[in-house]
Chemist: 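I have a structure I would like to understand better, so I am pasting it below and will then ask my questions one at a time.
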Protein chains: 2
Amino acid sequence: MHCGEMGSRWGFNRTVGQMYGLLIIHEDALSAMQISEALNISRGNVSMGIKELQSWRLVQVQHKPKDRKEYYSPAGSIWEMATRVFEERRKREVDPTLSLLRDNLLDEPANQKEVFAQKQMHEIHDLLETVTHWAGELQSMSPDNLNTLMKLGSGISKVISLKDKLINKG
Amino acid sequence: MHCGEMGSRWGFNRTVGQMYGLLIIHEDALSAMQISEALNISRGNVSMGIKELQSWRLVQVQHKPKDRKEYYSPAGSIWEMATRVFEERRKREVDPTLSLLRDNLLDEPANQKEVFAQKQMHEIHDLLETVTHWAGELQSMSPDNLNTLMKLGSGISKVISLKDKLINKG
DNA sequence: CTGAAGTTTCAGTAATTTCTGAAAGTTTAA
DNA sequence: TTAAACTTTCAGAAATTACTGAAACTTCAG
């Protein structure tokens with residue numbers, strides 16, 4: 001049961017984390033009432049938690065025949081869960097920062113201090129943009145390719161320099 | 001000035017974020033008193049914020065000759081700042097999860113439900129471990145290599161399949 | 001030593017976030 | 001329609017987190 005604890009470290013709050021943990025370790029879908037009883041939280045809180053998890057695209061709703069209740073279960077594989085959390089966090093944490101920086105860079109610097117400030121902001125902006133773009137590219141790769149890449153680890157630099165040599169020869 | 005706002009989205013709280021933002025856009029180091037005045041926060045709060053930023057290895061202390069005050073400035077380049085935030089967040093968010101999962105996987109499953117639960121935890125564990133390991137490898141690469149890699153983007157799969165062909169031929 | 005100039009700590013307060021439960025809303029079988 | 005069975009909403013309470021400011025601590029020049 002303490003498995004739910006770890007949820008609080010990720011983007012959402014304690015109970016939302018617990019709810020998601022609960023859904024993941026249960027093979028079959030759970031009703032809102034079951035969740036509320038298992039975790040000892042109010043029915044209303046479950047409803048809000050589910051909404052939150054849905055906004056992260058992490059749970060899906062199922063219906064059982066002859067039963068009006070809604071049953072919830074994790075949406076997608078563990079792999080998909082990871083990419084979704086990653087993507088949503090990027091949207092919430094990086095994207096607003098990027099657009100704020102962009103706005104600031106449009107202003108004309110009024111003095112020496114602002115020139116420096118903009119230089120710094122520019123660097124942060126470029127870095128975030130490169131990383132964001134790369135993250136997008138990685139997500140577009142097949143899990144298999146991505147796995148190969150990760151297993152290669154830093155060995156990737158050898159492969160890249162190999163490629164460079166081939167190109168230079170050709 | 002609203003530049004400080006964005007700080008609240010990253011791992012630390014609003015004022016700590018503001019403090020760090022302030023230090024980044026200022027070319028010269030600032031004293032605790034200057035920070036407290038610029039952001040309109042108490043002297044004690046600045047002290048706690050600095051401590052927090054130091055725990056993230058993001059600020060350094062300087063001393064000016066003929067002056068007993070401590071002056072603070074960002075530690076390292078923008079690039080280093082990014083890798084540090086990334087690394088520290090991993091330590092705080094991923095590592096405890098990993099060790100919790102490891103502990104759980106040592107227990108013998110008592111019934112069918114626990115078998116499933118462990119299967120899920122195992123998957124999460126392996127995924128986090130692979131990603132953590134990869135992140136470490138990336139950090140050990142030179143910024144230059146890393147940049148080449150990022151610029152390649154998903155084109156990397158072509159390079160990898162090229163490598164495979166070469167190996168199969170040889 | 002002494003005390004001036006600084007920093008840190010921490011109890012209490014303020015602000016923010018999360019949770020509850022009752023009321024309002026929705027859906028559907030009859 | 002109606003009403004039972006469920007879900008959602010949201011105002012206020014509870015819990016958590018962040019901030020203040022005064023006291024304690026540290027350092028160092030004289």
Side-chain angles (χ1 to χ4, degrees), chain A residues 4-23 28-56 58-73 75 89 92-93 96, chain B residues 4-23 28-56 58-73 75 89 92-93 96:
Chain A
E5 298 283 299
M6 77 187 198
S8 63
R9 305 204 187 260
W10 287 80
F12 13 72
N13 71 34
R14 173 177 297 269
T15 38
V16 173
Q18 289 180 331
M19 286 175 52
Y20 191 44
L22 194 71
L23 293 179
D28 24 50
L30 299 177
S31 72
M33 192 48 104
Q34 285 176 299
I35 297 172
S36 138
E37 279 167 7
L39 301 176
N40 238 308
I41 58 181
S42 76
R43 187 61 194 67
N45 200 0
V46 172
S47 176
M48 293 195 288
I50 292 289
K51 216 168 92 186
E52 170 89 4
L53 285 172
Q54 276 169 337
S55 84
W56 287 74
L58 290 174
V59 293
Q60 61 194 161
V61 184
Q62 280 165 27
H63 286 275
K64 292 194 183 176
K66 289 273 183 193
D67 191 342
R68 198 181 289 168
K69 278 203 275 302
E70 299 191 327
Y71 288 83
Y72 306 98
S73 59
R89 286 185 84 167
R92 289 154 206 236
E93 297 173 0
Chain B
E5 298 282 301
M6 78 187 196
S8 63
R9 305 202 186 259
W10 288 80
F12 13 75
N13 72 35
R14 174 177 297 269
T15 39
V16 172
Q18 288 180 331
M19 287 176 51
Y20 191 44
L22 193 70
L23 293 179
D28 25 51
L30 299 176
S31 71
M33 192 48 105
Q34 285 176 299
I35 297 173
S36 136
E37 279 166 6
L39 300 175
N40 239 309
I41 58 181
S42 75
R43 186 63 193 65
N45 200 0
V46 171
S47 176
M48 293 195 288
I50 293 288
K51 216 168 91 186
E52 170 88 5
L53 286 172
Q54 276 168 338
S55 85
W56 287 73
L58 290 174
V59 293
Q60 62 194 161
V61 183
Q62 280 165 27
H63 286 274
K64 293 194 183 176
K66 290 269 184 195
D67 189 341
R68 199 183 286 167
K69 278 204 275 303
E70 300 190 327
Y71 288 84
Y72 305 98
S73 60
R89 286 185 83 168
R92 289 154 206 237
E93 297 173 359

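Please read these numbers as outputs of a predicted model, since none were measured by experiment.
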Chemist: Cut-off 3.5 Å, side chains only: do Tyr72(A) and Glu70(A) have a donor facing an acceptor?
Modeler: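 The criterion, which ignores hydrogens and geometry beyond distance, is satisfied for Glu70(A) and Tyr72(A).
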
Chemist: Could you check whether Met33(B) gets within reach of a base, just the sugar-phosphate, or nothing at all, counting any heavy atom under 4.0 Å?
Modeler: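 Result for Met33(B) = nothing.
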
Chemist: Please determine if a side-chain N or O atom of Thr15(B) lies less than 4.0 Å away from the OP1 or OP2 oxygen of dA18(D).
Modeler: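 The answer is no; no side-chain N or O of Thr15(B) sits under 4.0 Å from OP1 or OP2.
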
Chemist: Round to the nearest Å and state the distance from Tyr71(B) atom OH to dA5(C) atom C1'.
Modeler: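 Going from Tyr71(B) (OH) to dA5(C) (C1'), I get 12 Å.
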
Chemist: Measure CZ/Arg68(A) against P/dA29(C) and give the value in whole Å, please.
Modeler: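 Spelled out: CZ on Arg68(A) to P on dA29(C) is 7 Å.
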
Chemist: Among dT7(D), dC6(D), dA18(D), find the nucleotide with the atom closest to the side chain of Arg43(A).
Modeler: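 Given the options dT7(D), dC6(D), dA18(D), the side chain of Arg43(A) is closest to dT7(D).
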
Chemist: Take the protein atom CG of Asp67(A) and the nucleotide atom C1' of dT27(C), then report the distance between them rounded to whole Å.
Modeler: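 The distance from CG of Asp67(A) to C1' of dT27(C) comes to 13 Å, rounded to the nearest Å.
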
Chemist: Can you tell which of dT20(C), dT7(D), dT20(D) lies closest to the side chain of Asn45(A)?
Modeler: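 Nearest listed nucleotide: dT20(C).
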
Chemist: Can the positive tip of Arg89(A) be found less than 6.0 Å from the middle of the six-membered ring of Trp56(A), inside 45° of the ring normal?
Modeler: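 Negative - Arg89(A) is either too far from the ring of Trp56(A) or too far off its axis.
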
Chemist: Stepwise, does the side-chain contact (heavy atoms from CB on, under 4.5 Å) test hold for Lys64(B) with Tyr71(B)?
Modeler: CA-CA 8 Å; Lys64(B) 293 194 183 176; Tyr71(B) 288 84; 3.8 Å; yes

Chemist: Atom CG of Leu53(B) to atom P of dT7(C): distance rounded to whole Å?
Modeler: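 Value for this atom pair: 16 Å.
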
Chemist: On DNA chain C, does the nearest nucleotide to Met48(B) precede the nearest nucleotide to Met48(A) from the 5' side, or the other way round? Give the residue.
Modeler: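 It is Met48(B) whose nearest nucleotide is closer to the 5' end.
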
Chemist: Could you verify whether a donor N or O on one side chain and an acceptor N or O on the other, from Asn45(B) and Ser47(B), lie under 3.5 Å apart?
Modeler: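 No, no side-chain donor-acceptor pair sits under 3.5 Å.
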
Chemist: Which nucleotide in the set dG6(C), dT8(D), dT8(C) lies at the smallest distance from any side-chain heavy atom of Ser47(B)?
Modeler: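 The nucleotide sitting nearest to the side chain is dT8(C).
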
Chemist: When all nucleic acid strands are considered with a 4.0 Å heavy-atom cut-off, which category describes Asn13(A): base, sugar-phosphate, or nothing?
Modeler: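 Sugar-phosphate contact only.
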
Chemist: Give a yes/no on whether any side-chain N or O of Lys51(B) is located under 4.0 angstrom from OP1 or OP2 of dT7(C).
Modeler: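 So the side chain of Lys51(B) is outside the cut-off, no N or O lying under 4.0 Å from OP1 or OP2 of dT7(C).
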
